[in-house]
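Single-structure report; data block below.
Model, not experiment: these values are computed from the prediction. Counting convention: from 1, in listed order, for ligands and their atoms alike. Numbering of residues begins at 1 and proceeds along the displayed sequence. What's counted below: heavy atoms across the whole structure, side chains too, no hydrogens, waters or symmetry copies.
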Amino acid sequence: MPYMMTDPNGPLFPLSFVCPDISSKLRPDYVLRPLQLSDYKAGVLEVLKDLTTVGDISEKRFNEQFEYMRARQGEYFVVIIEKIATGNVVGVGTLLVERKFIHECGLVGHIEDIAVAKSEQGKKLGIKIISALDFIGKKIGCYKNILDCSPHNEQFYVKCGYSNAGFEMTKRFDK
Ligand code: ACO
């Protein structure tokens, strides 16, 4: 697994996991990159509020969560899209890599928490986030990436090359 972090103050994962082809297809006023600590101030949590409840997260708590993820090399990949003119995060998505016993100790990528700021939706940013996470999944050795979504978003994921493979089942413990 080609994974080497050298800078303890660097991004969540190495830049070598960012697909150069996808970055080059972004409009020049946007950049796709790994999450970094400064993204708390750049509004990453605000973008996630377009997806679901986030809560009141202090910068300290954000940093602790970031460090937890960063210490687990090869497991957490959060990519963001930044709008260069404002320095704001306008898109975010996560790939969580699960280690299995089945499929010869195979790896499965779980795509989670995809969100594009309302004002930036419809500009092909979402599809680039998914392509970036697919690239990472393949590079790290996953035999597949999977995700859950509402029927409302099914066609978006079909456009990203995904197909419906069944039902999502859930049991909540927070209510
Ligand atoms: N239904 C049908 N088609 C869609 C939808 C949709 N809900 N959303 C996008 N598309 C289509 C677009 O029209 C486009 O089609 P085209 O290539 O033929 O023109 C294609 O999908 C790519 O669209 P993008 O512009 O890349 O999509 P966008 O940047 O707007 O991002 C997203 C889509 C992420 C769903 C965004 O609308 C969003 O953040 N929504 C709110 C949060 C959310 O629901 N996130 C997904 C949760 S599921 C999960 O996290 C695993």
Ligand 1 to I111, heavy atom cutoff 4.0 Å, flagged ligand atoms 51 (C)
closest protein heavy atom to atom 8 (N) of ligand 1 is F156 CB, 3.6 Å
Within 4.0 Å of some non-hydrogen atom of K123, the atoms of ligand 1 are 25 (O)
Contact region, Y162 to ligand 1, non-hydrogen atoms below 4.0 Å, reads neither
A student checking ligand 1 against L125 at a 4.0 Å heavy-atom cut-off should list atoms 26 (O), 29 (O)
Contact region, D148 to ligand 1, non-hydrogen atoms below 4.0 Å, reads backbone
protein heavy-atom neighbour closest to atom 2 (C) of ligand 1 works out as Q155 CB, 3.5 Å
the protein heavy atom lying closest to atom 34 (C) of ligand 1 turns out to be I114 CG2, 3.8 Å
Atom 39 (O) of ligand 1 sits nearest the protein heavy atom V116 N, 2.8 Å
A student checking ligand 1 against D113 at a 4.0 Å heavy-atom cut-off should list atoms 50 (O)
>> Does ligand 1 come near enough to G122 that some N or O of the ligand is less than 3.5 Å from an N or O of the residue?
In response: yes
The answer for which part of H152 has a heavy atom under 4.0 Å from ligand 1 is both
For the side chain of D50 and the backbone of K118, is there at least one donor-acceptor N/O pair under 3.5 Å apart? yes
Checking heavy-atom distances from atom 26 (O) of ligand 1 to each of I127, N153, V92, L48, the winner is I127
for atom 20 (C) of ligand 1, nearest protein heavy atom and its distance come out as K159 CD, 3.9 Å
_Strictly distance-based, threshold 3.5 Å: is any side-chain N or O of N63 a donor or acceptor partner for the main-chain N or O of K60?_
no
query = With side chains defined as the heavy atoms from C-beta onward, is the minimum distance between Y157 and N164 less than 4.5 Å?
reply = no
In short, salt bridge (Lys or Arg N to Asp or Glu O under 4.0 Å) pairs touching residues 144-173 with sequence neighbours left out are R172-D174
message = Can you confirm, on distance only, whether ligand 1 has an N/O atom lying under 3.5 Å from any N/O atom belonging to L147?
response = no
When distances are taken from atom 29 (O) of ligand 1, the protein heavy atom at minimum range is G126 N, 2.8 Å
### Message
Any protein heavy-atom neighbour for atom 32 (C) of ligand 1 (distance below 4.0 angstrom)?
### Response
no
Among K124, Q121, K49, closest by heavy atom to atom 24 (P) of ligand 1 is K124
Counting from 1 in the order shown, the ligand 1 atoms closer than 4.0 Å to a non-hydrogen atom of A115 are 39 (O)
re atom 47 (C) of ligand 1, the protein heavy-atom contact at minimum distance is L51 CD1, 3.5 Å
Sorted by chain and residue number, the side-chain contact (heavy atoms from CB on, under 4.5 Å) partners of Y40 (sequence neighbours excluded) come out as L45, E59, F62
Exercise. Indicate yes or no for a side-chain donor-acceptor contact from Q121 to the backbone of V116 under 3.5 Å, with no hydrogens or angles considered.
Key: yes
min-distance protein heavy atom vs atom 49 (C) of ligand 1 -> Y157 OH, 3.2 Å
- Query: Is the closest side-chain heavy-atom distance between Y143 and K100 below 4.5 Å?
  - Reply: yes
Quiz item: Going by an N to O cut-off under 4.0 Å, is there a salt bridge joining E46 and K49?
Solution: yes
